[in-house]
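Computation of the quantities below employed the complete heavy-atom set of this structure, encompassing side-chain atoms and omitting hydrogens, waters and symmetry-equivalent molecules. Please read these numbers as outputs of a predicted model, since none were measured by experiment. First the proteins, then the strands, lettered A, B, ... as listed; each starts at 1.
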Protein chains: 2
Amino acid sequence: MTMKGREVILGILQESPHTGYEINDILQTRLSHFFDATFGMIYPTLKKLEAEKLVTKQQISQTDRPNKNIYTITAAGQAVFSKAINEPTSDEILKSDFLMHLYFSQDLSTEQVALFFQEEIARKEAKIAALQSQLATWLENGMTEQRKITFDYGIAYYTATLAVLKKAAKSNQ
Amino acid sequence: MTMKGREVILGILQESPHTGYEINDILQTRLSHFFDATFGMIYPTLKKLEAEKLVTKQQISQTDRPNKNIYTITAAGQAVFSKAINEPTSDEILKSDFLMHLYFSQDLSTEQVALFFQEEIARKEAKIAALQSQLATWLENGMTEQRKITFDYGIAYYTATLAVLKKAAKSNQ
DNA sequence: TAACGCATGTAACAGGTTACATGATTTA
DNA sequence: TAAATCATGTAACCTGTTACATGCGTTA
């Protein structure tokens, strides 16, 4: 079984207590190249986890900022996470809307295809820049060797595909 | 809006009429590295497309094999597809259960992590082999330059990440 | 005789998305 | 004064997954 939002959130809380807002931030910065999350998934999941007693909620009142809820993992939650992390990994899933458009692009104009290339190239470049700037922040707080690999994987992926796109965009002119 | 199962199936039918079984085959062989489909999605989608009059169904009775339904796209279906293919592309999504496990692998034994690496390496190698053997079949029937790029993209992706995994697996020993 | 290829389908469910709703403080 | 940051939440919806059900002919 794949680790879903449920298990991923437990994994983050297993390191230290967090608010939903912070969980989103971690997901967006450190794991965004292999997992995607939205508030619309995070808050409902936290609510369910609390109902299942896998996490506990501590409400903090703040005056200058909105009140917040800090979630802490329970022993039961740790057991669920521990089981999930020990399960075999399942197949990676890539969904590329760009490649889908390219696959069916016979009827599109060269200009339209060129535009799609440009946009995808810009996205990859932005992702590389984001990952690389993230690495600096990350190294400051200390980073495990294994997390460094998830980073290297992302960079390798974006770099290799960017090269293919740039070459293809050139021959599309 | 991303091209979903609906639009992808229309895209395949836009080239020529097919059965659901054939659509699955095309998806599994040519597009499997950037889209994934199952019969559980294909058949219900075809049914909906028929109800919306975007495709028509022709029932073929066979004696030595199960009967089959051949679906043909309608003018309305072509209009829907044409609109979809002209829309801007949306962000690519990668979900890697392997990277997720690696990210949270602090508490796992070195052996367990090594096993995850082995399995992921084997998967990538299998995917490269599948894509490469597919290329041969593909070239025979004639392949557009653009489809060749979707292939190159897949190979580049798998090759680059495989290298990262092999290096990391070595230092994990 | 086991497995694979051909061939279709449904019902229940899970999981996540989208859109909406609120609102103070700080920074540019 | 516009935008960003902090901060939470729900309701409706969409899309796809999983499991089940069927069955003949051919190949290993």
Side-chain angles (χ1 to χ4, degrees), chain A residues 1-10 17-29 31-32 34-52 55 57-71 80 84 90-95 97 100, chain B residues 1-10 17-29 31-32 34-52 55 57-71 80 84 90-95 97 100:
Chain A
M1 282 298 105
T2 313
M3 290 176 74
K4 307 284 164 83
R6 195 180 121 102
E7 291 79 27
V8 173
I9 288 176
L10 285 176
H18 287 291
T19 65
Y21 192 83
E22 290 167 351
I23 290 171
N24 178 66
D25 191 56
I26 292 169
L27 255 17
Q28 299 300 328
T29 52
L31 295 86
S32 68
F34 59 90
F35 188 80
D36 65 277
T38 55
F39 283 125
M41 166 249 158
I42 295 168
Y43 289 120
T45 301
L46 283 169
K47 200 181 178 182
K48 278 173 218 151
L49 287 173
E50 197 197 355
E52 291 179 85
V55 304
K57 177 169 74 175
Q58 187 196 356
Q59 292 175 301
I60 308 279
S61 295
Q62 298 186 126
T63 48
D64 57 334
R65 287 181 186 178
N67 295 339
K68 61 183 179 181
N69 304 326
I70 298 181
Y71 292 90
V80 168
S90 46
D91 265 38
E92 184 183 81
I93 293 167
L94 174 66
K95 293 212 180 192
D97 196 39
M100 191 58 81
Chain B
M1 282 302 102
T2 313
M3 289 176 73
K4 308 284 165 80
R6 193 180 123 101
E7 291 79 26
V8 173
I9 289 176
L10 286 176
H18 287 290
T19 64
Y21 192 84
E22 290 167 350
I23 290 171
N24 179 66
D25 192 57
I26 292 170
L27 255 17
Q28 300 299 327
T29 52
L31 294 86
S32 68
F34 59 92
F35 188 79
D36 63 276
T38 55
F39 284 125
M41 167 250 158
I42 295 168
Y43 290 120
T45 301
L46 283 169
K47 199 180 178 184
K48 278 173 216 151
L49 288 173
E50 197 198 355
E52 291 179 86
V55 303
K57 178 168 74 176
Q58 188 196 354
Q59 292 173 302
I60 309 280
S61 294
Q62 298 185 126
T63 47
D64 57 335
R65 287 183 188 176
N67 294 340
K68 60 182 178 181
N69 304 326
I70 298 181
Y71 292 90
V80 168
S90 47
D91 265 38
E92 185 183 80
I93 293 167
L94 174 67
K95 293 213 180 190
D97 197 38
M100 191 59 81

Would you sort out whether A:R65 and A:I60 count as a side chain to side chain contact (heavy atoms under 4.5 Å, CB included), showing the intermediate values?
CA-CA 11 Å; A:R65 287 181 186 178; A:I60 308 279; over 6 Å; no

Distance-only check: which donor-acceptor pairs under 3.5 Å involve side-chain atoms of residues 17-27 of chain A, not counting sequence neighbours?
{"residue": "A:H18", "atom": "ND1", "partner": "A:E22", "partner atom": "OE1", "Å": "2.9"}
{"residue": "A:H18", "atom": "NE2", "partner": "A:S16", "partner atom": "OG", "Å": "3.0"}
{"residue": "A:T19", "atom": "OG1", "partner": "A:Y21", "partner atom": "N", "Å": "3.4"}
{"residue": "A:T19", "atom": "OG1", "partner": "A:E22", "partner atom": "N", "Å": "3.0"}
{"residue": "A:E22", "atom": "OE1", "partner": "A:T19", "partner atom": "N", "Å": "3.1"}
{"residue": "A:N24", "atom": "OD1", "partner": "A:Q28", "partner atom": "NE2", "Å": "3.1"}

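The NZ atom of A:K68 sits 24 Å away from the P atom of C:dT22 (whole-angstrom rounding). As a whole-Å value, the separation of A:Q28 CD from D:dA4 C1' is 15 Å. We find that NZ of A:K48 is positioned 7 Å from C1' of C:dG15, with the value rounded to whole Å. In this structure, B:I23 places its CD1 atom 11 Å from P of C:dG9, rounding to the nearest Å. Nucleotide D:dC6 holds its P atom 17 Å from the CD1 atom of A:I60, rounded to whole Å.
Looking at heavy-atom distances under 4.0 Å, A:D36 makes contact with sugar-phosphate atoms alone, never a base. Residue contacts shown for A:T45 are absent, as no nucleic acid heavy atom lies under 4.0 Å away.
Side chains of B:Q62 and B:K68 form a contact here, defined as non-hydrogen atoms less than 4.5 Å apart. Side-chain atoms of B:N67 and B:Q59, non-hydrogen and from C-beta on, never get closer than 4.5 Å to each other.
Listed by chain and residue number, A:D97, B:T2 satisfy the side chain to side chain contact (heavy atoms under 4.5 Å, CB included) test with B:S90 (two or more places apart in sequence, or in another chain). Among residues two or more places apart in sequence or in another chain, the side chain to side chain donor-acceptor pair (under 3.5 Å) test is passed with A:D91 by B:R123. Annotation: side chain to side chain contact (heavy atoms under 4.5 Å, CB included) contacts of B:K47 (sequence neighbours excluded): none.
Each end of the helix from C:dT1-D:dA28 to C:dA28-D:dT1 gets its own axis, taken as the rotation carrying the C1' atoms of four end pairs onto the next four within a five-pair window, and the two axes meet at 60° to the nearest 10 degrees.
Note that the CZ atom of B:R6 and the OG1 atom of B:T45 stand 9.5 Å from one another [nearest 0.5 Å].
Both tests hold for B:K95 against A:F35: distance to the six-membered ring centre under 6.0 Å, angle to the ring axis within 45°.
Each of B:M3 and A:Y71 was assigned the nucleotide of DNA chain D with the nearest heavy atom; the assignment lying further toward the 5' end belongs to A:Y71. Heavy-atom nearest nucleotides on DNA chain C were determined for B:D25 and for B:K47, and the one closer to the 5' end corresponds to B:D25.
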Annotated protein contacts, base or backbone, on nucleotides 18-28 of chain D with a non-hydrogen cut-off under 4.0 Å, one of B, S, - each:
B----B-S---

